[in-house]
Structure formats: structure tokens, C-alpha cells
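See below for the structure under consideration.
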Amino acid sequence: METVYTAEALATGSGRNGRARTTDGRIDLGLAVPQEMGGSGDGTNPEQLFAAGYAACFHSALQMVARQEKLALGDSSVGARVGIGGNGAGGFGLEVVLEVVVPDLDRATAQSLADKAHQVCPYSNATRGNIDVRVDVVED
């Protein structure tokens, strides 16, 4: 791979109850364990950050695939739900559901584009074979 950009971030404090900051300072936020996992929920968490990054990256991949096929997406969007839980082996695992909204295209065409985007998206390629990722075309 020929690297064209590298993002850098540093986590400090108590991990999930600490702070995360990018080296350029554009992201600087407090972290907190979600209430569902026994924490205060008074900050963001790694799963939220992963969901935001995956949604944005997948949406860009979807737009790229649509341009290649000369299709207009209109007011499209991608939502990501990232779940965390025990993996049955003493550790933890993740699962992702991507919800793709393309109101200007029929469902079959939108699903075809979403499936193609799933093949080129860097997040999809990084997670493939490691975690369950489901890509659904939805109404909104």
C-alpha cells in the first residue's frame, strides 16, 4: 500500500474513561464508558467514534461508486450502528450495521451500489472477515 495520509491520535487517562486528542487538535474530547456497560456515559466512547468514521468513509465510497456508474445519489446518507459485546472467549467483539439511504434510486439499484461500496471502502476492507458487517438499504 502506498500511504497518502496518516491520522494520529493519543488516548490518555483511564482508557475508556479518559481523553482522546488528535495531534492537530481538531478532535479533543472526553471519553466515558457507556451506561449500558456500567459507566457514567458522560463522554463519547470508541464505538461512537468508529461508527462516525465508518459511516463517513462508507458514504464517500458509495458516492465514488455512483459517480463511476454515472448515477446521481441525490440526498443520500449512511448511518452506522456499532455494537460491542463479549466474544465467548473472554474478550470482546464488535458488530456493525450500515444503513444506506438513497431516496432517488430504486431499492435494487441502491443495494447494488451499496454492495459495490462495501468492496472498496477502507473500513469495510479492514473489518472484512474480522467482524460481522451488514449493509442494508433503508427508507430513512
Next on the checklist: Going by side chain to side chain contact (heavy atoms under 4.5 Å, CB included), name the residues that satisfy it together with Asp104, two or more places apart in sequence or in a different chain.
Outcome noted: none

Checklist outcome for this item: With sequence neighbours left out, the residues meeting salt bridge (charged side-chain N to carboxylate O under 4.0 Å, His left out) with Glu95 are none

Item to check | side chain to side chain donor-acceptor pair (under 3.5 Å): pairs with one or both residues in residues 28-41, sequence neighbours excluded | outcome: Arg19-Asp28

Checklist outcome for this item: Residue pairs meeting ring-ring contact (aromatic ring centres under 6.0 Å, His included), one or both in residues 67-106, sequence neighbours left out, come to none

Item to check | Shortest non-hydrogen contact from Gly43 toward Ala32 | outcome: N-CB, 3.3 Å

Item to check | Pairs involving residues 100-140, ordered by first then second residue, that meet ring-ring contact (aromatic ring centres under 6.0 Å, His included) (sequence neighbours left out) | outcome: Phe50-Tyr123, Tyr54-Tyr123

Checklist entry - Which residues satisfy the side chain to side chain contact (heavy atoms under 4.5 Å, CB included) test with Asp106, sequence neighbours excluded? => result Ala108, Thr109

Checklist entry - Should Val78 and Leu49 be counted in the same cluster of Ile, Leu, Val, Met, Phe, Trp and Tyr side chains packed under 4.5 Å apart? => result no

Item to check | Listed once per pair and sorted, the salt bridge (Lys or Arg N to Asp or Glu O under 4.0 Å) pairs that draw on residues 46-72, sequence neighbours left out | outcome: Arg16-Glu47, Glu69-Lys116

Next on the checklist: Less than 4.5 Å apart, side chain to side chain, heavy atoms only: is that true for Leu73 and Leu113?
Outcome noted: yes

Checklist entry - How far apart are the closest heavy atoms of Val120 and Asn125, and which atoms are they? => result O-ND2, 3.6 Å

Item to check | For Ile131 against Leu94, the heavy-atom pair lying closest together | outcome: CB-O, 3.3 Å

Item to check | Pairs satisfying side chain to side chain donor-acceptor pair (under 3.5 Å), at least one member in residues 81-92, at least two apart | outcome: Arg81-Glu99

Item to check | Test item: Met37 and Asn45 side chains (from C-beta on) under 4.5 Å apart, heavy atoms | outcome: no

Checklist entry - Taking only residues two or more places apart in sequence or in another chain, which ones pass salt bridge (charged side-chain N to carboxylate O under 4.0 Å, His left out) with Asp136? => result Arg134

Checklist entry - Yes or no on side chain to side chain donor-acceptor pair (under 3.5 Å) for Gln111 and Asp115, after CA distance, side-chain angles and deciding distance? => result CA-CA 6 Å; Gln111 187 67 57; Asp115 292 342; 2.9 Å; yes

Item to check | Minimal non-hydrogen separation, Val100 against Ala114, with atom names | outcome: CG2-CB, 4.2 Å

Checklist entry - Does Leu71 belong to the same Ile/Leu/Val/Met/Phe/Trp/Tyr cluster as Val102, with side-chain heavy atoms less than 4.5 Å apart forming each link? => result yes

Item to check | Shortest non-hydrogen contact from Leu31 toward Gly15 | outcome: CD1-O, 3.5 Å

Next on the checklist: Can you give me the closest heavy-atom contact between Cys121 and Cys57, atom names plus distance?
Outcome noted: SG-SG, 3.6 Å

Item to check | Donor-acceptor pair, side chain of Asn17 and main chain of Gly13, under 3.5 angstrom | outcome: no

Next on the checklist: Could you work out, with salt bridge (charged side-chain N to carboxylate O under 4.0 Å, His left out) as the rule, every residue matching Asp24, not counting sequence neighbours?
Outcome noted: Arg26

Item to check | Leu10 side chain reached by Thr23 side chain, heavy atoms, under 4.5 Å | outcome: no

Item to check | side chain to side chain contact (heavy atoms under 4.5 Å, CB included) partners of Ile27, counting only residues at least two apart | outcome: Thr22, Leu29

Checklist entry - Out of curiosity, does Val97 fall in the hydrophobic cluster containing Val133 (side-chain heavy atoms, cut-off under 4.5 Å, transitive links)? => result no

Next on the checklist: Test of understanding: with salt bridge (charged side-chain N to carboxylate O under 4.0 Å, His left out), list the residues that count as partners of Arg128, not counting sequence neighbours.
Outcome noted: none

Checklist entry - Would you say Val101 and Val137 are hydrophobically clustered, going by side-chain heavy atoms of ILVMFWY under 4.5 Å? => result no

